[in-house]
Each structure stands twice: as structure tokens, then as C-alpha cells.
Amino acid sequence: DKVVNADPLQDQLQQYNQSIGEDTSKLSTYEVQADELRLAIQELDSKIESALYKQNALEDEINSINNKINESNLKIEQYNKDIEDKEAKKNFFIRNMYKFGELSYVDVIFKSDNVFDATYNLYSYSALVNASKKNIEELDKLKKDLISEEETLETNKTELEKDKTDVKAIVDELTLMKNDQQNKLNELNAVQANLIYKMENEKAATEKINTMLQEQKLQAEAQRQKQEESSIQEETSQNQQSDPNKDNYEEETTNYPISNDYTAEEVVAYASQFQGVPYVWGGTTPRGFDCSGLVQYCYAQFGYYLPRVSQ
């Protein structure tokens, strides 16, 4: 049995084509995965943007409450100052009225021009004291109301700060998830880039192999034609040696004397009789012609000796 050795170039070409097919399938899968990662990142970006918007809104509310608390503190501070002033005036009147006990009332009476003046002076002192007390009570009530309002604001602020902390935790978690997805996408992009580079090299290699195989094919065809021509020439030579008159078809059919007066029509008419003669690569006799062999043979019958090839 004849053993046929496989062509190494064909084996390499088959391996490269198989690898390109597998890599193309992988690349398609990677592209689907990359699209899924991009979509996931877009969704996370949207959630992060929404959470940041809420976080900023909470921050604005907290700042607004802080401003209200500061305003309340300023008002409370002013109320405390006003209360101190009112207390000082009230105490001044009381001290003046009770400095010497009951004598102060006696002083008021005896220092008055009449009973009506004394009554009026006593009433005035009492009214001033009562008015101071009333102002102090009103200021104290306003102060307590502000303190209560401030406590409510502080409670709301505490709740908002808790909400803000919770939202920040969500933002941080979403950001970590996004970064993880982005890292995966970057790694996948790197794998795709390496795979594309590998496929480009494989395709370049297949083109080179195809070129080499085509050159081999052309060389083999040229060698085959050369061998066929050599075989025909050898067979013709052997036939002529065994029967010199066998292939002298031209001697039996040619009755034209050597002359340069023949026309092209006469040469063509002579060549027409060989219609049906088989084509043979390198053939130069009526047993078989190729194109240049026929031209050379026919013109030789009219005295024109042409080379069969251009070299």
C-alpha cells in the first residue's frame, strides 16, 4: 500500500481555520457579555444619580433646619437679654418700694400733696411692677415656645441626618457594585482585544499559507506540463527512429516548392486540413499539435522556419 504523507501547510491551514472559527464564536459570546455589563453599569448609574439627588435634597433640608435653629437661638438670646432687662427694672421698682418696709408707703403718702396724689403714686408704682411682671411672663412664654420649636427642629434634623446617612450608604454600595461591573468590563475588553489580535495574526498566517499553496500549485502545474512535453517529445523521437516515414505527413501532403511568393490565404488553407487533429502539449506533428507547433509546422512547408517558443 502506498503511504500518502499529509501536506504540512494544509495541516497548518486547517488548524488556523479551526482556531479562527472557535475564536469567532468566543468573541461573539464576549460581545454579548460586554453588552450585559454595559447595561448593568447604566442601570447602576441611574440608581446612583437618583440616590445622589435624594441625598442633596436631604442636605438642603438639613441646612434649612440649621438656619431656622440658628435664628431661634438668636431670638432666644435676645429674649433672655430682654427678660434680664425687664427683671432688672422690676427689681428696681420693688427695691424702691420696699427698701424701708412700710415707711416707703408712708413716704409716698406724706410726699404727696394730697390724698389723690398719694393714691395715684401708689397705683403708679404698683402698675409699673405689674407691667414688668407681665412683660417678663410674655417674653418667657415666647422663649419657651422657641425652645419647643427648636427641639422639634432638632428632632427633624436628627431624622433627616439618619435618612441622609442611609442614602449615603446606598450610594456607596451602588458605587462599589458599579466599580465591580466596570472592572469586569475592562477585563473583558482586554480579553477581546487579545483575541482580536490573535485572530488577525491567524488570518495573516492563513493568507500567507494560501499564497504558498498557490505557488506550489503553479510550480506543480508547470512541472507537470514540462514532464508531459518532455514525454511527448521523447515518444515522437522514438516513433521517428522506429519508422522514419510514419510521421512524415507533411512530406506526403506537401507539394509546395520553397518560395517567398505564397500568400497568407494559401498558408491558412493548408493549415485548415489539420482541423480535428488532437491538441497535445508540445506537439509539433500531425499526430498532435499545440498552437505554436501548428504554426511552426505549417510555415515550414512554405519555406518559413520559425522558432516554436519565444526564447
Side-chain angles (χ1 to χ4, degrees), residues 1-25 197-311:
D1 293 337
K2 185 178 180 181
V3 178
V4 179
N5 294 325
D7 188 343
L9 288 178
Q10 288 288 355
D11 289 343
Q12 291 181 16
L13 183 61
Q14 183 178 359
Q15 291 173 2
Y16 279 130
N17 287 332
Q18 181 178 355
S19 179
I20 290 172
E22 293 173 353
D23 291 342
T24 301
S25 178
Y197 179 76
K198 177 174 176 273
M199 291 174 64
E200 289 176 350
N201 289 335
E202 289 173 339
K203 289 178 180 179
T206 58
E207 291 178 1
K208 183 177 180 181
I209 291 174
N210 282 326
T211 300
M212 295 171 64
L213 289 172
Q214 185 63 25
E215 291 176 353
Q216 286 184 353
K217 183 177 179 181
L218 293 174
Q219 291 174 0
E221 180 63 20
Q223 183 66 24
R224 185 191 66 78
Q225 292 176 353
K226 183 177 180 182
Q227 291 176 352
E228 184 177 345
E229 181 180 352
S230 176
S231 177
I232 291 173
Q233 290 177 350
E234 182 179 353
E235 182 180 353
T236 301
S237 177
Q238 291 176 354
N239 290 336
Q240 288 178 346
Q241 290 177 3
S242 61
D243 188 358
N245 295 322
K246 184 176 180 180
D247 291 331
N248 288 338
Y249 183 84
E250 67 278 9
E251 294 179 0
E252 298 175 0
T253 58
T254 302
N255 295 313
Y256 298 96
I258 296 176
S259 172
N260 292 330
D261 295 333
Y262 298 111
T263 63
E265 287 79 4
E266 290 176 308
V267 177
V268 172
Y270 175 77
S272 298
Q273 66 179 304
F274 298 113
Q275 291 184 9
V277 173
Y279 177 86
V280 177
W281 176 267
T284 57
T285 71
R287 295 185 58 203
F289 287 116
D290 63 6
C291 54
S292 56
L294 175 62
V295 173
Q296 182 191 49
Y297 180 83
C298 291
Y299 271 99
Q301 309 310 311
F302 293 89
Y304 296 96
Y305 297 97
L306 304 176
R308 199 182 70 79
V309 293
S310 60
Q311 285 84 0

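Since this is a predicted model, take the numbers as computed values, not measurements.
- Every side chain to side chain contact (heavy atoms under 4.5 Å, CB included) that Glu265 has, sequence neighbours left out, goes to Thr263.
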### Task
Using the side chain to side chain contact (heavy atoms under 4.5 Å, CB included) rule, take Gln223 and Gln219 through it: C-alpha gap first, then chi angles, then the decisive distance, then the call.
CA-CA 6 Å; Gln223 183 66 24; Gln219 291 174 0; over 6 Å; no

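- Under the side chain to side chain contact (heavy atoms under 4.5 Å, CB included) criterion, Tyr279 pairs with Trp281, Asp290, not counting sequence neighbours.
- With hydrogens and angles ignored, the 3.5 Å screen pairs a side-chain donor or acceptor of Gln273 with a backbone N or O of Tyr270.
- Between the CG atom of Leu213 and the CD atom of Gln12 there is a distance of 9.5 Å, given to the nearest 0.5 Å.
- A distance of 11.5 Å separates CD in Gln18 from CG in Leu13, rounded to the nearest 0.5 Å.
- More than 12 heavy atoms of other residues, nucleotides or ligands shown are found within 6.0 angstrom of CD on Gln216.
- For the side-chain hydrogen bond (donor to acceptor under 3.5 Å, both in side chains) condition, the pairs that include at least one residue of residues 200-214, sequence neighbours left out, are Ser19-Glu202, Lys198-Glu202.
- The minimum heavy-atom distance linking Ile20 with Met199 is given by the pair O-CE, 4.3 Å.
- At least one donor-acceptor pair closer than 3.5 Å links the side chain of Gln296 to the backbone N or O of Leu306.
- Taking the six-membered ring where the residue is Trp, the centroids of Phe289 and Tyr297 are separated by under 6.0 Å.
- Inter-residue side-chain proximity for Val277 and Phe274 is flagged as met; some heavy-atom pair is nearer than 4.5 Å.
- Between the CD atom of Gln275 and the CG atom of Leu294 there is a distance of 10.0 Å, given to the nearest 0.5 Å.
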